[in-house]
Amino acid sequence: MEGNAPGRGKLKVTGILYIILGALGLLGSLILLVGGGLLMASGEESGAGVVLGAAAGILSLLGLVSAVFYLILGILGVKNCDKPEKCGANFALGVVVLVLVLVSLVANVMASGPTGAASNVIGLVLAIIYLLGAKQNKDAAAVKL
């Protein structure tokens with residue numbers, strides 16, 4: 001079956017990278033949540049700490065959702081890298097992550113100019129490679145049928 005999975009390497013490598021990014025995102029979200037809680041506890045008198053702590057809590061939840069999405073993307077990439085018949089989900093998730101990265105790229109360029117897009121370019125390349133690997137496997141499964 002491995003010989004019939006032309007996108008195996010692309011999916012496996014990008015899947016591992018997405019797992020690492022997801023794990024780092026989870027860690028960062030937890031740290032932000034703890035920091036937000038500390039801000040809320042210390043800012044009861046002035047009120048500014050409560051507002052900043054609440055904002056940190058909301059941002060940590062957004063980061064948590066993103067991290068879980070990256071973990072799912074990575075796990076499915078590694079799990080299905082040598083199973084072309086199961087790469088339809090990988091392809092759909094690859095399209096979703098590509099669209100999200102493009103939206104983020106446009107938003108960063110509009111907010112801070114071309115220099116704000118540097119980190120998004122890496123995400124864009126990673127999403128494109130993941131999507132190409134999923135498409136290659138999906139196409140290989142279609143030819144096999």
Partner set under side chain to side chain contact (heavy atoms under 4.5 Å, CB included) for [X], not counting sequence neighbours:
{"X": "Lys135", "answer": "Phe91, Asp139"}
{"X": "Leu98", "answer": "Leu102, Leu124, Ala127, Ile128, Leu131"}
{"X": "Ile16", "answer": "Lys12, Ile20, Val78"}
{"X": "Ser104", "answer": "Asn108, Asn120"}

Is there a continuous path of hydrophobic side-chain contacts, each under 4.5 Å between heavy atoms, that joins [X] to [Y]?
{"X": "Leu27", "Y": "Ile75", "value": "no"}
{"X": "Leu17", "Y": "Leu100", "value": "yes"}
{"X": "Tyr18", "Y": "Leu24", "value": "yes"}
{"X": "Leu33", "Y": "Leu26", "value": "no"}

Next on the checklist: Tell me every residue that passes side chain to side chain donor-acceptor pair (under 3.5 Å) with Lys138, counting only those two or more places apart in sequence or in another chain.
Outcome noted: none
Checklist outcome for this item: Rounded to the nearest 0.5 angstrom, the CG-CG distance for Leu21 and Leu73 is 10.0 Å
Checklist entry - How long is the gap from CG on Leu132 to NZ on Lys10, to the nearest 0.5 Å? => result 6.5 Å
Next on the checklist: Treating Asn80 as the side-chain partner and Cys87 as the backbone partner, does any N or O pair qualify as donor plus acceptor under 3.5 Å?
Outcome noted: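 Such a contact is absent between Asn80 side chain and Cys87 backbone.
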Checklist entry - So, Asn137 side chain and Asp82 main chain: donor-acceptor pair closer than 3.5 Å or not? => result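 Not confirmed, Asn137 side chain does not pair with Asp82 backbone.
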Checklist entry - How would you list all residue pairs meeting salt bridge (charged side-chain N to carboxylate O under 4.0 Å, His left out) that involve residues 46-69, not counting sequence neighbours? => result none
Item to check | Within residues 107-126 or reaching into it, pairs that qualify as salt bridge (charged side-chain N to carboxylate O under 4.0 Å, His left out) - sequence neighbours excluded | outcome: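 Listed by first then second residue: nothing to list.
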Item to check | Closest approach of Gly133 to Leu11 (non-hydrogen atoms, all atoms of both residues) | outcome: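 Gly133 and Leu11 have their closest heavy atoms at C-CG, 3.9 Å.
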Contacts table for residues 58-72: side-chain donor-acceptor under 3.5 angstrom, sequence neighbours left out:
from: Ser60; atom 1: OG; to: Ala56; atom 2: O; distance (Å): 3.4
from: Ser60; atom 1: OG; to: Gly57; atom 2: O; distance (Å): 2.7

Next on the checklist: Test: ring-ring contact (aromatic ring centres under 6.0 Å, His included). Region: residues 37-58. Which pairs qualify, not counting sequence neighbours?
Outcome noted: none
Next on the checklist: With ring-ring contact (aromatic ring centres under 6.0 Å, His included) as the rule and sequence neighbours excluded, what pairs involving residues 35-64 come up?
Outcome noted: none
Checklist entry - With a cutoff of under 4.5 Å between side-chain heavy atoms, which Ile, Leu, Val, Met, Phe, Trp and Tyr residues group with Met40? => result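 Traced through the cluster, Met40 reaches Val50.
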Checklist entry - How far apart are the C-alpha atoms of Val51 and Leu39, what are their side-chain angles, what is the distance that settles it, and do they pass the side chain to side chain contact (heavy atoms under 4.5 Å, CB included) test? => result CA-CA 9 Å; Val51 172; Leu39 275 171; over 6 Å; no
Item to check | Pairs involving residues 121-134, ordered by first then second residue, that meet side chain to side chain donor-acceptor pair (under 3.5 Å) (sequence neighbours left out) | outcome: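 Of all non-adjacent pairs touching residues 121-134, those that pass side chain to side chain donor-acceptor pair (under 3.5 Å) are Asn90-Tyr130.
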Next on the checklist: Does Ile122 form a side chain to side chain contact (heavy atoms under 4.5 Å, CB included) with Leu126? I'd like the steps, not just the answer.
Outcome noted: CA-CA 6 Å; Ile122 295 169; Leu126 193 60; 5.5 Å; no
